[in-house]
Every structure is written in C-alpha cells, then in structure tokens.
**Q** 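So that we are looking at the same thing, I have put the structure below in structure tokens.
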Number of protein chains: 4
Amino acid sequence: MTSAPRTARGARTRAALLEAAEHVFAELGYADASVVRITERAGVAQGTFYLYFDSKLDLFDELVDDLNRRVRRAMSEASAAAPDRLSAERAGFRAFFAFTAEHPALYRIIRAAEFVSPRALHRHYDRIVEGYAEGLAEAQRHGEVRPDLDPDVAAWALMGIGELVGMRWVLWERDAEGGVPDHVLDQVALLVDGAIGRRTAPATTREENGS
Amino acid sequence: MTSAPRTARGARTRAALLEAAEHVFAELGYADASVVRITERAGVAQGTFYLYFDSKLDLFDELVDDLNRRVRRAMSEASAAAPDRLSAERAGFRAFFAFTAEHPALYRIIRAAEFVSPRALHRHYDRIVEGYAEGLAEAQRHGEVRPDLDPDVAAWALMGIGELVGMRWVLWERDAEGGVPDHVLDQVALLVDGAIGRRTAPATTREENGS
Amino acid sequence: MTSAPRTARGARTRAALLEAAEHVFAELGYADASVVRITERAGVAQGTFYLYFDSKLDLFDELVDDLNRRVRRAMSEASAAAPDRLSAERAGFRAFFAFTAEHPALYRIIRAAEFVSPRALHRHYDRIVEGYAEGLAEAQRHGEVRPDLDPDVAAWALMGIGELVGMRWVLWERDAEGGVPDHVLDQVALLVDGAIGRRTAPATTREENGS
Amino acid sequence: MTSAPRTARGARTRAALLEAAEHVFAELGYADASVVRITERAGVAQGTFYLYFDSKLDLFDELVDDLNRRVRRAMSEASAAAPDRLSAERAGFRAFFAFTAEHPALYRIIRAAEFVSPRALHRHYDRIVEGYAEGLAEAQRHGEVRPDLDPDVAAWALMGIGELVGMRWVLWERDAEGGVPDHVLDQVALLVDGAIGRRTAPATTREENGS
DNA sequence: AATGAATGAGAGTTCATTCAT
DNA sequence: TATGAATGAACTCTCATTCAT
C-alpha cells in the first residue's frame, strides 16, 4: 500500500509521475505505456514509481479521475458564462474540443479504458452525464428545451456527438489553432439546437405544409 | 507473407481463427488477447496461426474490416426498407444497436483500435460516414433534411449518438431482448429528427412569433 | 497450464530442466535459485521453462516428489536384502546416508521446503514415515521390536536420527568415500537397536540388579 | 558498521526490531521476510533498521544466536532439576517441545538457515550438542549411560529425535496445551532410554536366553 | 536517533514469432 | 497443411540498501 507523500519532495515526484503518465499514455496507450517509459520521462528510478502508486492500473485510474475533473470544470466554466441555452451549448462544446486538443490524453485514455478499467470508464461518463442531464432538465423547466425530451438519453447522445466530432476534427485533423474549425462548430450548434430546442410548430404542421 | 488458403480445409481453419479471434478480442481486448488463446479456442496449434496471418495485428485489421462490412450491411438493409427519412433513421439505429448487442466485439474492438491500428480505425469510421453522409445529401435533395446542414459533420455527429447510446444501453445495461429499450430508441429518433429534419418555420420565425 | 511433452525432444528438454534444477536448488536453495540460472544450466531459453512447468514452485514440488521416490526406493532395496531387523536398520541408514551424499539436493531442498511448499514437505515425510512405521509394526509382530513401542512415533524419531546425523557427517564433514564413517554408522546402529530392540529382562530387573 | 545503542530509547528500538524480526521470520521465512515488514511491525522507519544492524543477514545471525541461548537455558534448567538421567531426558525433551511451541521461530528459522547462514546454523547445533554430549559423558561416568556409546554421535542422534518429533507434533499438529501429547512424550522417553540406557545383560545374553 | 524518499538490480512470468519436422 | 518446441525480449513489480534531512 502506498501512502500520500509526506514531504514536499515526495509531492513533487508524485506530480512528475502523473504528468509523465498523461503524456506516455496519450502517446502509446495503456498497454504499451510501460512503467519504465513513464519513470524515464519523469526522471526517476523504476522503483520510485511504486512509492506512489500501487500499480500501473492504479495510476491509470487516478489519471482518468483527474482528467475527468478537469474537463468538467472547463466545460461548466465555459457554459456558465453564456446568456442562453444555445450559446451555452456552443460554449460547452467549444471548451470540450479545446480541452481535447490540449489534452489528447483524455480522449485516448478514455477510449482505451474499456478493457483496462471499466470502472474508471463508467465513473468518467457517469459524472459528465450527471451534470449534463441536470443542466438539460433545468433548461426544460425554463422552457428552453423541448419538454418531451428525456434529459438522460439526451445527455448521452450529445456527449456522443462531442466524442466523435472531437475525434474527427481535433484528434485526426485539427486546424491551426488546435480547435475544430468554426464551420464544424457551427454545424454542431445547429444540430444540437435542432435536437433539443423547442419547435415553433408541432410536427403535424409540417405535413400540412408539405401537402 | 501468407497467401489465401488453397484447400477447403485451409479455408475452414482460417475461418475458425477469425471467429475465435472475434470472441477473444471482444472478451479481453487486443493487448490481452494472446495468440495462444486464439489458437486454443480455434483448436489449432500456435504455429498454424502464421500460416494464415502475418501477425496478430494483421488479423486484427482483417477483423475490423470484416465487422465493418457486416455492420454497414445490417444498417443499410434495415434503412433501405423504410418509407421515409425519419423511419429510415429509426430503423438504422435499431439495426446498429441490434448488431452491437449480437457482436459486442465490434464495439469493443473498435474502441480499442485507437492505439492498435489507427489506420483500421480510420477506415472503419470513414466507410460508415461515407455512406451515411451520402444518404443525408440525397435526403437533402428530396427536401427531407434541412438544407443548411453539412452532411459530413452531421454523419459524424449522428454516429456519435449511436456510439454512446449503444455503449450505455447495449453494452452496459441491455434489456431482456438484448436491444435498447423502446423508450430510448424513441428518444434517439426524436433527437435525430430534430437535429436533421426540416423545420416548418426558419429559426428566426420563432423569434418573430415570440414577440 | 503445461502439458506433458509430446515429442522425444520435449521429454529430453524437460528432463534437462529437472536435472539442472536439482543441482541449482541444492547449491543455492530455493530462494536464490532463479529460473534464469536453472535454464542456463539446462542450456535452454528462459521461456522454455514455462513450457514444462507452471512456475518455479511447481518444479520444486515435482523435484521433491521425485527425490522422495528415489530415496525410498534406495532405502527399501537396501533393507530388504538384510537377514534380520538389526542389519536391516543398519543397511537402511547406510543407504540413506549414501543417497544423501550423492544427492545433497534431497537434504537441502527438504529443509528449505518448510516455507516454500509445506505441502510438499508434508508429503515427503509422511511417505517415508508410512513405510517405516509399517516395517516396524511388522517387526513387532515377529518379535523383533519391543511390543510397547508406537511404530509411528518411533518412525519419526528414527527419521530424525538419520536427518541430523546425515547433516553432521554427510553434508558438513563427509569422509573420503562420501558416506558416514563406519564408527558413526556403528553408533547409530547401536542407538537404534537399543531404542527399538527387545530387552532381555524387564526394566525392573535392572533396578534389582543394581541394588 | 553499527554500534551498540547509546541511549535507552535506542535500546528499545533495537529490541523492538529483534522481536518483530522473530515473528516475521517465523511467519514468512528468511527470504520472504522483507526489511519493510520487519520495520513496519516494529513501528519504525526503514532507514532506522540500518542504525542497528548491518544487514538483514546480520539481524538473522543475531536472532539465531539469541534463540539458541534461550532454548539451551530452557532445556538445561528443566533437566537440572531432575533426580536421574531418565527423568532428566524426559524433562529436557519436554522443555524443548514447550519452547518450540512458544517460539516456532526457533524451529522454522533454524531449518531455513541452511542456505541463509550456514555459520549460524553450525553454531546453533554445535552449541547444543556440546552441552548435550558433555551431559552424556558425565552420565556415563556415573554409570547411567551405556559405556560403549560415543556421546557425540548420541547427542546428534537425540537432537534429531527432538527435531522431527517436534516438527510433527508441535509445529504440524499441536495439542490443546501447545505441547506434544503425553503419549508421544512417553514414547520418546522410552526410545531415548532404550537407546542410551545401560542394559542389564549384554546383547549376547539374549541369544543364550533364547536358546 | 530517526525519517522517508530514492535507487536500480533482479526476480518470475508472458508472449509474438520462428522453425524443424 | 499442421504441429509443438523453442526463443528471448519485454513486462510488472519487489527489495535490500543508501542518503539527505
């Protein structure tokens, strides 16, 4: 069993290991990210690793939790400042993409977690969905989101949009500034607004118009 | 370099290996799925593996391509029979979820592919998106999909919805029949319809009405 | 799980590993006898070890059982040829000492087994005692061993004599021929004969004589 | 080089380490008894260990010597109070078994010492034998032990009896009070008495009587 | 006197791959 | 076509010991 560092020096070493791990995991994935590589990058001996983490998996879990905390903060801060729901969504997505660009580790590590640490993976998504769904329910009460929507399902769906669009336009082909192109962000906003926003006329009206 | 099997027996052995691999990969992930386990499950000797595949990675790529072909067929068959765009979407998603339930391998393997074989991963998503985006563009021309939508971005976004909803309601907590609950499917249809469907009145109209 | 070798070559390799292990264990003890050293001595690669044994401990257990079988055979063959109980004991002890001299592994490995594999240790002693106690009981029925003796306790006690005398005069300070000196063997025979042999007169007689 | 503790506090720490070591060695054996575990049990930091002992081996040697002193005292005190040789033997064995029950460490550590510290092992047995053999020689001069016995060989043999009987009935299957069952102790006394006690008539007499 | 961080060699074990049969 | 023996590099993790504080 490892324990929290008791000295400043220990705290520094532990932080160095976490930081190194983020990069190595992001670059190589869990399986290929050996403890040797992590300790080498952190500039400490192999044995030192086990002073602060019980195992490679232990470190992995901690890292996921850490990144989860950070991405949620980034998103909520961004959307909190927005005047209305639509711009809040837009800001939230932009923040998510920006975070992904800056910490590709998040994205890569999460997807790798399926077999590595299902519990960490669960925790990660559940936490994000929880906040997201709450926000949607609140917006429903304010009449900004269509009332017939199940906030939980919607939250998972929207998170999915962020995940794949992020993969495609941040991880695979990012633009110069490291975020998604404006055009893509606009489209996402359009889609999200259409998906959850209130409609002026009931669906039946459309049919009438169409005839 | 391996070559295609020259006899019926060889073809059978090769198929057995592919089948075994699908299960073993789905259960353990790429990293932990050893060649030994695959050959054991296929009932052949270790050396036999290299008669049909150059490497573990080679087999993996082939498997991804194979699954990709199958999932696309399942989805396109399902949506082809639908009378209009909305029910086509619903049918397509239902087919995707059903396929995921029956072949969790697809889902698991794909997500694991990030570090294993980025090229296979790319190919997989690109192929799905390609067909999907074409379908959306076609529907746009028929006036069934809002004209201001970029079919490419939309395709990625919708795929994301399928991916996370599938993870949540098929992989993590499937209902008795192995598919997603009707309620969830309804919600997904609602979201998708809202996201890509034509609106009766342009967004600005809403503002006008509101005043 | 390992399986029995299926070819002659495999059988040879396996035997080589066992033989190497006997020497390495005898020389270094279980803890310091690394798999590397064993495989080096056997002239095979490290990985080959695990083709035939599940673990270092597995090999250890097998070795103990193997040696146990051999030492019991050596002893029983030696004592079977003896005309009476006394010479049978003498022959049995001599055989035990000779075996110990030739296979110091037995002695060393057994004593080390206390923490390594208690089960193997138990098995070893139990098997020896079993045969020994049976022989004593049989001799009791023939009137060659005092009737008030519990063969089981006696067997453990005599085994103890062999163990420590063997340690002292075979392992620590063996004579030129590699066995215990005749003088020591004589003394052991004397002790054993006294311990288990019938007495002419009951103990009380001695007291009477003494007065 | 470590030096003797200069303060009362130091003496206490040292004693705590020794005590902890006895338990940890007894439980895990030398190889698996890590310095970490010993210091943890003693409630001191790892580094502190090397203030009092040069190495793990150093501590081991000291522990063996310490236990040796204690077991010899226990045995000699017990047998000193006995009125005659026979009861002295019985008392000595009883004391040995009792000590073994109370300090399984002695037994376990000694057997483990074969590869760890042959010198400590030698010293241990030699010291016990020395006293034992002297006692036997003295008893011979008083006519209580048969004169044709080599006290040295006899001492090793008797020690062997104690060792294996102790292993079987104290370590493996002790009775409620933690000693060997009375029956076993009786049998041991019988064996020992027969082995070293004077006989009324020479062995040849038995033959004559038999005719 | 005591601490706890740091070391780095070495342990057992796994595994993709090769090769002789 | 198929086998199973063999390889050896790489992995995670442990541990006795040192050292700065």
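These numbers come from a predicted model, not from an experiment. Sequence lines set the chain letters: A, B, ... in the order given, protein chains first and strands last, and positions in each chain run from 1.
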**Q** Contact class for A:Tyr52 vs. all strands (heavy atom < 4.0 Å): base, sugar-phosphate, or nothing?
**A** sugar-phosphate
**Q** F:dT12 C1' sits how many Å from A:Phe53 CZ, rounded?
**A** 16 Å
**Q** Separation of C:Arg6 atom CZ from F:dA2 atom P, in whole Å?
**A** 17 Å
**Q** Separation of A:Leu51 atom CG from E:dG4 atom P, in whole Å?
**A** 11 Å
**Q** Between F:dT1, E:dG4, F:dT7, which nucleotide gets closest to the side-chain atoms of C:Val44?
**A** F:dT7
**Q** Can you give one letter per nucleotide of nucleotides 13-21 of chain E, going 5' to 3': B for a protein heavy atom under 4.0 Å from the base, S for sugar-phosphate only, - for none?
**A** BBBSBB---
**Q** Please give, in whole Å, the distance from F:dT12 P to A:Asp58 CG?
**A** 14 Å
**Q** Going by the rule side-chain hydrogen bond (donor to acceptor under 3.5 Å, both in side chains), which residues pair with D:Glu19 if we only count those two or more places apart in sequence or in a different chain?
**A** D:His23
**Q** How close do C:Leu59 and C:Ala21 get, counting heavy atoms only, and between which atoms?
**A** CD2-CB, 3.6 Å
**Q** What pairs of donor and acceptor atoms, side-chain ones from residues 107-115 of chain C against any protein atom, are under 3.5 angstrom apart with sequence neighbours left out?
**A**
from	atom 1	to	atom 2	distance (Å)
C:Tyr107	OH	C:Arg111	NH1	3.2
C:Tyr107	OH	C:Glu163	O	3.1
C:Arg111	NH1	C:Glu163	OE2	3.2
C:Arg111	NH1	D:Glu163	OE2	3.0
C:Arg111	NH2	D:Tyr125	OH	2.9
C:Arg111	NH2	D:Glu163	OE2	3.3

**Q** Can you tell me if D:Arg37 has over 12 outside heavy atoms packed within less than 6.0 Å of its CZ?
**A** no
**Q** Tell me every residue that passes side-chain hydrogen bond (donor to acceptor under 3.5 Å, both in side chains) with A:Arg123, counting only those two or more places apart in sequence or in another chain.
**A** A:Asp65
**Q** Roughly how many Å is it from CZ in D:Phe60 to P in F:dA16, rounded to a whole number?
**A** 14 Å
**Q** Do C:Leu171 and C:Pro104 come close enough that some side-chain heavy atom pair is under 4.5 Å?
**A** yes
**Q** Tell me the bend of the helix from E:dA2-F:dT21 to E:dT21-F:dA2 as the angle between end helix axes, each from five pairs, rounded to the nearest 10 degrees.
**A** 10°
**Q** Counting only side-chain nitrogens and oxygens, does C:Thr7 get under 4.0 Å of the OP1 or OP2 atom of F:dT3?
**A** no
**Q** Taking side-chain hydrogen bond (donor to acceptor under 3.5 Å, both in side chains) as the test, write out the residues that go with B:Ser117, two or more places apart.
**A** B:Asp61
**Q** Any side-chain heavy atom of A:Trp172 sitting closer than 4.5 Å to one from B:Asp126?
**A** yes
**Q** Within this structure, what is the CD-to-P distance between C:Glu40 and F:dT7, rounded to whole angstrom?
**A** 13 Å
**Q** Can a salt bridge be assigned to the pair D:Glu22 and D:Arg70 using a cut-off of 4.0 Å between side-chain N and carboxylate O?
**A** yes
**Q** Between A:Leu28 (CG) and F:dA10 (P), how many Å, whole number?
**A** 14 Å
